[in-house]
2 protein chains.
Amino acid sequence: MSTPAEAAPVAAPLVAVDVAVFTVIDRRLAVLVVEVRHGPFAGWWALPGGRVGPAESLDDAAARELREQTGVGDIYLEQLYTFGSPERDPQGHVVSVAYVALIDHAGRFAEPGRAGSKYGGVAWRPVTALPALAYDHAAVVRTAVARLRSKLEYTNLVYTLLGRSFTLGELQEKYEAVLGRRLDRRNFRKKMLATGLLRGLGRVRRGPHRPAALYTFRRRRPMVISIL
Amino acid sequence: MSTPAEAAPVAAPLVAVDVAVFTVIDRRLAVLVVEVRHGPFAGWWALPGGRVGPAESLDDAAARELREQTGVGDIYLEQLYTFGSPERDPQGHVVSVAYVALIDHAGRFAEPGRAGSKYGGVAWRPVTALPALAYDHAAVVRTAVARLRSKLEYTNLVYTLLGRSFTLGELQEKYEAVLGRRLDRRNFRKKMLATGLLRGLGRVRRGPHRPAALYTFRRRRPMVISIL
DNA sequence: CCAAAAGTGTTATGCTTACACCCATGC
DNA sequence: GCATGGGTGTAAGCATAACACTTTTGG
């Protein structure tokens, strides 16, 4: 939400942050949206966000707004792009620094429902079936998805979408959801194992079908390393 | 320059733009710096920049500040990153949207000299021998160089560093200056010609040595296409 | 026993890299 | 004639992409 509190018609631009949080639900890439409570966009969906405080860094502001509006914390956040068209907010000139975040949703906001109580509805929406978004947030999501697709191919960022242990099938599922295309299973395994990023746990996940070996990431922090 | 005019000790952050303009001079990557006139950094060098106007877009502000302070216009500009640490400007919280620009210098500011008269000194400085820069502008330049190096490898952006006609040797020289390493001449020619981006002019540049065939870019606008 | 996911190797192709010699010119 | 950059091809190694069958389990 890029809602200026006191923007006069002609005033210096205000600074806000907006956060596009992504996760994979049901093999589809989904983004977290919140309900706008006030102003011309009341009732619309928007990305969580808001004004940057007087002595606050941009990264801190993004993390704070996200936590306050959705309860989501301890999450991978990366600056995306800054949107500053004077027309992007009908209430005044708000320059918004957009962030991308990634999370293993693990059942948060169990499907399209309410959660943030105090702050209006919160929901995951598949990026392929987005509702109309307030402000220029549709453009923010487009830019964010493009960034994610390209970064997944040259970093180890997938780890943010997974729990501590996972099967190679689950790993591939995350890639396919973000990239929006199917990958060859044999080639995928070969390359992932060749990166040396994974460590086999020697355990197995049981389920409805043949049990699958469990893996974990050796290091859970962002690294630049060619993967696909 | 990220100089707030009226920042109170605790106030909403102000919005500025800073521009890192690059060119290749003498086979070295150089960045355009201006002399700071006022404030705690008076006498230091800094990137050109300044406050964003009330109803001005960020792109417009970057182009305007660059033109006003250095006389440089009609240039490739791309948003880089937004720097917002509360400590980056000792005079107050200024969020600065940094831009990268590229230009064929063609003798502008003939070597370390003065030019912007009204706005203090203007000079090209090799990125390998930068003076101390005001604010966090050293970090901006580092980030910008990293971006340039990576973008040169998957776009046709070199064209911004060259005039309308050029030899393959000159083209390679620009790549080597930005990337900071030598390239194999035969492989470079093969790949560049294979991209289909170039058109031979059927003319030749005469000089102190064997004449070289002249080429031009078929299209002088930014495109994403794997090159090196 | 059936459905569904797990697991596994080989081959062809294209791309990348390394590398050396002659040519044309101005001085 | 010499110094300097222009111009050209090939071979080896590597990474990528395409492709099918067997295994294990739960239901």
Side-chain angles (χ1 to χ4, degrees), chain A residues 24 26-28 149-150 152-156 158 162-163 165-177 179-216 224-228, chain B residues 24 26-28 149-150 152-156 158 162-163 165-177 179-216 224-228:
Chain A
V24 174
D26 206 21
R27 298 182 176 239
R28 296 202 296 179
R149 288 193 171 149
S150 101
L152 224 58
E153 305 210 2
Y154 68 92
T155 67
N156 65 343
V158 228
L162 290 156
S165 71
F166 49 86
T167 67
L168 288 178
E170 289 165 343
L171 181 58
Q172 182 172 349
E173 176 198 317
K174 308 301 179 188
Y175 269 99
E176 292 181 339
L179 299 180
R181 62 188 159 94
R182 304 301 302 271
L183 301 172
D184 180 272
R185 188 154 42 97
R186 280 171 292 189
N187 293 335
F188 178 81
R189 291 165 162 257
K190 257 180 298 179
K191 270 189 278 190
M192 280 308 305
L193 294 173
T195 62
L197 296 173
L198 301 181
R199 185 162 51 85
L201 289 178
R203 292 185 286 126
V204 123
R205 169 160 307 162
R206 307 192 69 84
H209 306 297
R210 175 173 174 177
L214 285 171
Y215 292 85
T216 193
V224 173
I225 280 196
S226 177
I227 295 182
L228 299 191
Chain B
V24 174
D26 207 20
R27 298 183 177 241
R28 298 202 295 180
R149 287 192 172 149
S150 100
L152 223 58
E153 305 210 2
Y154 69 91
T155 67
N156 64 344
V158 226
L162 289 156
S165 72
F166 50 85
T167 67
L168 288 178
E170 289 165 344
L171 181 59
Q172 183 172 348
E173 178 198 315
K174 308 301 181 190
Y175 269 99
E176 292 181 339
L179 299 179
R181 62 186 159 96
R182 304 300 302 272
L183 301 172
D184 180 90
R185 188 154 43 95
R186 279 171 293 190
N187 293 335
F188 179 81
R189 291 166 161 256
K190 257 181 298 179
K191 270 187 277 190
M192 281 307 307
L193 294 174
T195 61
L197 296 173
L198 302 180
R199 185 162 52 86
L201 289 177
R203 293 185 286 125
V204 126
R205 169 160 307 163
R206 308 193 69 84
H209 306 297
R210 174 172 175 179
L214 285 172
Y215 292 85
T216 193
V224 173
I225 280 195
S226 176
I227 296 183
L228 297 189

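To find a chain, count down the sequence lines: A is the first, B the second, and so on, and within it residues start at 1. All figures in this text were calculated on a predicted structure; none of them were measured in a lab.
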Distance, rounded to the nearest Å, where [X] contributes [atom1] and [N] contributes [atom2]:
X: A:Arg181; N: D:dA18; atom1: CZ; atom2: P; value: 10 Å
X: B:Leu183; N: D:dG6; atom1: CG; atom2: P; value: 14 Å
X: A:Glu153; N: D:dT16; atom1: CD; atom2: P; value: 11 Å
X: A:Arg185; N: D:dC19; atom1: CZ; atom2: P; value: 15 Å
X: B:Leu193; N: D:dG7; atom1: CG; atom2: P; value: 10 Å
X: A:Tyr215; N: C:dA6; atom1: OH; atom2: C1'; value: 10 Å
X: A:Arg182; N: D:dC19; atom1: CZ; atom2: P; value: 15 Å
X: A:His209; N: D:dT25; atom1: NE2; atom2: P; value: 13 Å

Scan residues 194-208 of chain B against DNA chain D and write down, sorted by residue number, each residue with any heavy atom closer than 4.0 Å; if none is found, say none. none
Has the side chain of A:Arg210 got a donor or acceptor that lies under 3.5 Å from a partner of the other kind on the base of C:dA5? no
Looking at B:Glu173 and B:Arg185, is any side-chain nitrogen of the basic one under 4.0 Å from a carboxylate oxygen of the acidic one? no
Does a side-chain heavy-atom distance below 4.5 Å link B:Asn187 with B:Arg189? no
Listed nucleotide nearest any side-chain atom of A:Thr167, set C:dA6, C:dA20, C:dA5: C:dA6
List the residues meeting salt bridge (charged side-chain N to carboxylate O under 4.0 Å, His left out) with A:Glu176, not counting sequence neighbours, and say none if there are none. A:Arg182
Not counting sequence neighbours, which residues clear salt bridge (charged side-chain N to carboxylate O under 4.0 Å, His left out) with B:Arg27? List them please. none
Measure from the side-chain N and O atoms of A:Asp184 to the backbone N and O of A:Arg186, and report whether any donor-acceptor pair falls under 3.5 Å. yes
Using the test side chain to side chain contact (heavy atoms under 4.5 Å, CB included), find all partners of A:Thr155 that sit at least two apart in sequence or belong to another chain. A:Lys151, A:Leu157, A:Val224
Strictly under 3.5 Å: I want the nitrogen or oxygen pairs between protein and nucleotides 9-16 of chain C, one per line.
| from | atom 1 | to | atom 2 | distance (Å) |
| --- | --- | --- | --- | --- |
| C:dT10 | O4 | A:Lys190 | NZ | 2.9 |

Report yes if at least one side-chain N or O of B:Arg189 is closer than 4.0 Å to OP1 or OP2 of D:dG7; otherwise report no. yes
Would you mind writing out the side-chain donor-acceptor pairs for residues 196-215 of chain B within the sub-3.5 Å range, not counting sequence neighbours?
| from | atom 1 | to | atom 2 | distance (Å) |
| --- | --- | --- | --- | --- |
| B:Arg205 | NH1 | B:Glu170 | OE1 | 2.9 |
| B:Arg205 | NH1 | B:Glu170 | OE2 | 2.3 |

Start with the C-alpha gap between A:Tyr154 and A:Ile225, add the side-chain angles, then the distance that decides, and say whether side chain to side chain contact (heavy atoms under 4.5 Å, CB included) holds. CA-CA 5 Å; A:Tyr154 68 92; A:Ile225 280 196; over 6 Å; no
Between A:Glu153 and A:Ile227, does a side chain to side chain contact (heavy atoms under 4.5 Å, CB included) hold up when you go through it step by step? CA-CA 6 Å; A:Glu153 305 210 2; A:Ile227 295 182; over 6 Å; no
